[in-house]
Visitor: 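Quick one: the structure is below, and I'll ask about it shortly.
Protein chains get the first letters and strands the later ones, always in sequence-line order, with residue 1 at the start of each.
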Amino acid sequence: MITHIIASQLSTAKIKEYESASKIIVKPSWIVDSINQKKLRPTKDYALFNKNSISNMLLNNNNNTIINNSSSSIINNYKIPSTSNTNNNNNKSIKSNVRNNLINKNEHIYLHEVATSNTLSKNELNKPIEEYNKIENNKNIEEEEEEINKSLETKWDVNHSSIAPNFIANYYENSRLHYLSLWRNKLKSIINSRSKNKQKTKKHFNETKFVMHVDMDCFFVSVGLISRPWLVDKPVGVSHSSGKNSSSDIASCNYIARSFGVKNGMLKYLPLIYQLYYIRIFHAKKLCPKIEIIPYEFENYEKATTLLYNILIDNSDNIQAVSCDEAYIEIWLPNTGNEEAEILQKAKYIRSEIKKVTECNASIGISTNMLLARLATKKAKPNGEFYISSKNSIEYVQQFSVTDLPGVGWSIENNILTIILTLLLKNINTCKDLQRLSLSTLQKDFGKKNGEKLYNLCRGVDNRNLNSENNERKSISAEITWGIRFSNNDQFKAFINEISKEVSQRMENESKKGQKLTIKLKIKKEDAGKPIKRLGHGSCKNVSKSINLNTYIFKQEDITKHSWNIISNLNLDPKVLSV
DNA sequence: ATCCTCCCCTAC
DNA sequence: TAAGGTAGGGGAGGAT
Ligand SMILES: Nc1ccn([C@H]2C[C@H](O)[C@@H](COP(=O)(O)OP(=O)(O)OP(=O)(O)O)O2)c(=O)n1
Ligand SMILES: [Mg+2]
Ligand SMILES: [Mg+2]
Ligand SMILES: [Mg+2]
């Protein structure tokens with residue numbers, strides 16, 4: 001019930017914490033503006049899709065037809081990316097006038113130099129400094145550092161940082177993670193409103209339920225290779241920058257690149273100075289010097305997504321949207337005694353349709369629950385289908401590593417590893433080992449719910465139904481953690497105003513209002529070095545502050561006002577906002 | 001007990 | 001050069 005002074009909510013200890021944080025070099029390195037939804041106004045059907053500007057096909061949603069044109073005769077209509085014609089010899093399909101414009105932009109296609117390098121799991125960025133191999137008094141390093149210092153001041157940085165005009169729009173147009181979230185929300189919204197209706201009318205007598213998990217193979221790469229067939233046998237990754245010593249994320253890499261150890265989300269390259277300092281961070285060029293980098297094609301991903309979902313709609317009894325390249329579908333088959341062969345046949349058919357229509361490969365995992373279907377996809381990839389019987393599932397699941405389990409990532413894996421090492425004196429981490437830990441042990445270490453979840457997951461037990469969770473959106477937020485560089489309070493405030501506008505628009509698009517406002521900030525740590533990523537946030541401490549307003553708001557000026565109110569109460573010294 | 005705030009974690 | 005978003009589950013620990 002706090003409406004104004006944030007500090008009044010804080011314990012003394014916490015106030016101190018914020019004060020000291022604000023004195024550390026304090027730079028808000030990212031800002032999040034978020035409004036939790038507690039109530040929505042009467043919603044016009046599909047208002048979201050009519051208003052949004054980003055796309056065509058995903059958004060051309062007439063009433064109940066989720067996505068139109070769901071027959072397999074669709075022409076996929078991919079846009080030919082202008083940069084795909086950089087291979088002069090092989091690509092006959094590109095018009096010559098287009099080619100002439102772009103012939104000098106070849107650098108991202110040929111990357112054969114052997115880079116002196118090293119990969120990153122983003123979590124490793126947060127490891128304590130002592131885990132890195134610090135090298136001092138090295139002249140070359142210092143020189144390079146000098147260069148990096150200089151480069152940080154370049155015009156490019158200024159033009160792309162948070163004080164540049166149109167920063168937010170430009171940023172979102174190029175952020176793959178933004179698109180991932182945007183598309184996921186839209187798909188969930190479309191699919192959820194549809195599957196509800198369907199479930200009501202369906203009853204199943206003498207039928208067996210199967211769950212399929214459908215996921216495109218190296219999605220961004222597969223789409224990008226449609227117009228670059230000469231690269232299909234080479235290691236390929238999708239990334240923004242193509243320069244040989246530039247550093248950017250690889251969003252997706254193909255299976256050839258993966259055979260070298262390259263992974264989605266890995267840095268394309270890590271500058272030499274960071275390689276020496278962060279010896280645990282790998283990068284693609286080190287693992288696979290010949291990796292070819294191709295650019296993003298967001299419009300075409302969206303088209304492929306539309307085509308994919310249309311096929312799934314036509315071939316299932318229920319769908320749960322997961323992401324732009326992935327969904328669970330439910331299929332009921334009559335009990336004939338031959339269901340397993342039939343469901344495999346069905347999967348083959350769906351995969352062939354996807355291939356035919358999208359020109360990309362999909363893989364399908366099949367079982368009787370979502371978890372086992374998800375695990376089956378791991379066996380199915382690439383370009384295959386795989387069925388896991390529920391009969392021997394407890395034994396079958398033993399072969400998977402704990403990170404294969406959905407919900408188990410880097411942190412939980414490490415915790416499990418520690419426990420297994422302590423209790424079982426083993427240094428491996430499979431579901432077989434996890435099955436040896438008791439429910440109470442797991443609950444003691446991971447909490448009541450998480451412990452139970454782990455206990456069930458490692459046995460292949462999953463009682464979720466498709467779309468069983470409450471489908472209503474609970475929050476709407478906008479956040480940017482890249483390019484945030486302020487030199488004074490006015491710039492900071494202007495940014496808050498802009499991001500509030502973004503949040504406001506998103507709320508208006510869904511005819512929603514919110515009552516709880518949360519601000520999230522990243523504050524540079526005292527000992528943080530230069531960010532590894534250009535214009536990145538580097539090592540930061542996260543702070544979040546929320547207030548429960550007495551009223552529901554959605555207007556930009558209200559969001560801005562309350563947001564700035566919160567921020568002011570954090571007592572950030574304007575000077576610490578400088579870079 | 002239950003709720004609330006401020007986190008951390010995970011997924012794509 | 002280069003675009004590190006976002007929603008939701010859940011735990012710790014304090015307030016009610
Ligand atoms: N760290 C990540 C992970 C994924 N993606 C994007 C690019 C991927 O192509 C797409 C789908 O993610 P998947 O996890 O399904 O990975 P892929 O489809 O690339 O490979 P696969 O599914 O074959 O393992 O999401 C991303 O930008 N960054
Ligand atoms: Mg995929
Ligand atoms: Mg996927
Ligand atoms: Mg996992």
Side-chain angles (χ1 to χ4, degrees), chain A residues 1-2 6 9-11 13-14 17-18 29-30 32 34 36-37 107 120 122-123 125-126 151-152 154-157 159-162 164 167-185 187-188 215-216 219-220 239-249 251-252 264-265 267-269 271 295-296 321-326 374 403 405-413 415 446-451 453 469-470 473-484 506 516 518 520 522 531-538 540-548:
Chain A
M1 247 354 183
I2 297 88
I6 284 73
Q9 296 174 82
L10 299 173
S11 69
K14 283 202 170 135
E17 190 183 340
Y18 288 129
S29 200
W30 63 261
V32 172
S34 145
N36 286 12
Q37 301 305 305
E107 65 281 339
L120 147 85
K122 85 173 190 190
N123 298 297
L125 286 175
N126 296 326
S151 78
L152 284 175
T154 62
K155 212 169 162 185
W156 190 92
D157 291 281
N159 287 339
H160 292 79
S161 85
S162 50
F167 168 70
I168 292 180
N170 287 340
Y171 177 75
Y172 279 139
E173 261 172 40
N174 290 288
S175 163
R176 100 242 191 219
L177 292 173
H178 167 68
Y179 281 111
L180 247 34
S181 293
L182 183 74
W183 290 333
R184 165 195 269 155
N185 272 333
L187 291 164
K188 278 185 179 274
D215 189 301
M216 305 297 286
F219 184 51
F220 286 11
S239 196
H240 273 301
S241 78
S242 52
K244 70 173 177 166
N245 286 337
S246 64
S247 175
S248 56
D249 276 5
S252 176
N264 287 0
L267 281 180
K268 188 199 73 184
Y269 176 70
Y296 289 89
V322 176
S323 78
C324 62
D325 90 323
E326 181 176 348
R374 180 73 190 85
T403 23
L405 301 172
V408 176
W410 184 90
S411 172
I412 292 175
E413 183 198 18
N415 291 339
F446 298 99
K448 190 170 185 307
K449 292 218 173 186
N450 284 338
K453 193 158 126 194
E469 77 266 22
N470 178 9
R473 226 176 189 291
K474 292 173 185 152
S475 68
I476 294 179
S477 66
E479 49 192 79
I480 297 180
T481 77
W482 185 89
I484 302 299
R506 293 183 192 187
K516 189 171 166 187
T518 301
K520 299 206 284 176
K522 266 188 181 309
I532 287 177
K533 292 178 80 150
R534 188 134 183 197
L535 286 181
H537 55 65
C540 285
K541 162 189 168 57
N542 297 326
V543 172
S544 93
K545 196 85 199 73
S546 60
I547 55 172
N548 199 344

Visitor: Under 4.0 Å between any heavy atoms, over every strand shown, what does A:Phe219 touch: base, sugar-phosphate, or nothing? Just pick one.
Guide: nothing

Visitor: Indicate, with a heavy-atom threshold strictly under 4.0 Å, whether A:Ser239 touches base, sugar-phosphate, or nothing.
Guide: nothing

Visitor: Report which part of the nucleic acid A:Ser181 touches: base, sugar-phosphate, or nothing (heavy-atom distance under 4.0 Å, all strands).
Guide: base

Visitor: Is the shortest heavy-atom distance from the side chain of A:Leu182 to the side chain of A:Tyr172 under 4.5 Å?
Guide: no

Visitor: By nearest atom, which of the nucleotides B:dC12, C:dA3, C:dT6 is closest to the A:Ser248 side chain?
Guide: C:dA3

Visitor: Under 4.0 Å, heavy atoms only, any strand: does A:Glu326 hit a base, just the sugar-phosphate, or nothing?
Guide: sugar-phosphate

Visitor: Among the candidates B:dT5, C:dG5, C:dA7, find the nucleotide nearest to the side-chain atoms of A:Arg184.
Guide: C:dG5

Visitor: Kindly point out which of C:dA2, C:dG5, C:dG10 is positioned nearest to the side chain of A:Lys449?
Guide: C:dG10

Visitor: Would you classify A:Gly483 as touching base, sugar-phosphate or nothing, given that sugar-phosphate means primed atoms plus P, OP1 and OP2, and contacts are heavy atoms under 4.0 Å?
Guide: nothing

Visitor: Rounding to an integer number of Å, can you tell me how far A:Asp249 CG sits from C:dG5 C1'?
Guide: 12 Å

Visitor: Between C:dG5 atom P and A:Leu535 atom CG, what is the distance in whole Å?
Guide: 13 Å

Visitor: So what does A:Asn264 hit on the nucleic acid, given a heavy-atom distance under 4.0 Å: a base, only sugar-phosphate, or nothing?
Guide: nothing

Visitor: Between B:dC6, C:dA7, C:dG4, which nucleotide gets closest to the side-chain atoms of A:Ser175?
Guide: C:dG4

Visitor: Looking at C:dT1, C:dT6, C:dG11, which one has an atom nearest to any side-chain atom of A:Glu479?
Guide: C:dT6

Visitor: Could you tell me how far C:dG4 sits from B:dC9 if I compare only their C1' atoms? Round to whole Å.
Guide: 16 Å

Visitor: A:Ser546 has a side chain; which of B:dC9, B:dC6, B:dC12 sits nearest to it?
Guide: B:dC6

Visitor: Applying salt bridge (Lys or Arg N to Asp or Glu O under 4.0 Å), name anything that partners A:Arg184, two or more places apart in sequence or on another chain.
Guide: none

Visitor: Return the set of residues passing ring pair (Phe, Tyr, Trp, His ring centres under 6.0 Å) with A:Phe446 (not counting sequence neighbours), or none when no residue passes.
Guide: none

Visitor: Between B:dC12, C:dG4, C:dT6, which nucleotide has the shortest distance from any of its atoms to the side chain of A:Asp325?
Guide: B:dC12

Visitor: Scan A:Ile168 against the nucleic acid and name what it touches under 4.0 Å (heavy atoms): base, sugar-phosphate only, or nothing.
Guide: nothing

Visitor: Looking at A:Ser242, A:Ser239, A:Ser241, which hits side chain to side chain donor-acceptor pair (under 3.5 Å) with A:Lys268?
Guide: A:Ser241

Visitor: Quick check: do A:Thr154 and A:Arg534 have side-chain heavy atoms less than 4.5 Å from each other?
Guide: yes

Visitor: Side chain of A:Ser246, heavy atoms from C-beta onward: which of B:dC7, B:dT10, C:dA2 has the nearest atom to it?
Guide: C:dA2

Visitor: Taking only the side-chain heavy atoms of A:Ser475 (C-beta and beyond), determine which of C:dG9, C:dA3, C:dA7 contains the nearest atom.
Guide: C:dA7

Visitor: Using the rule for Phe, Tyr, His and the six-membered ring of Trp, do A:His537 and C:dG4 stack at under 5.5 Å and under 30°?
Guide: yes

Visitor: Side chain of A:Val322, heavy atoms from C-beta onward: which of B:dC12, C:dA2, C:dA7 has the nearest atom to it?
Guide: B:dC12

Visitor: Scan A:Lys448 against the nucleic acid and name what it touches under 4.0 Å (heavy atoms): base, sugar-phosphate only, or nothing.
Guide: sugar-phosphate

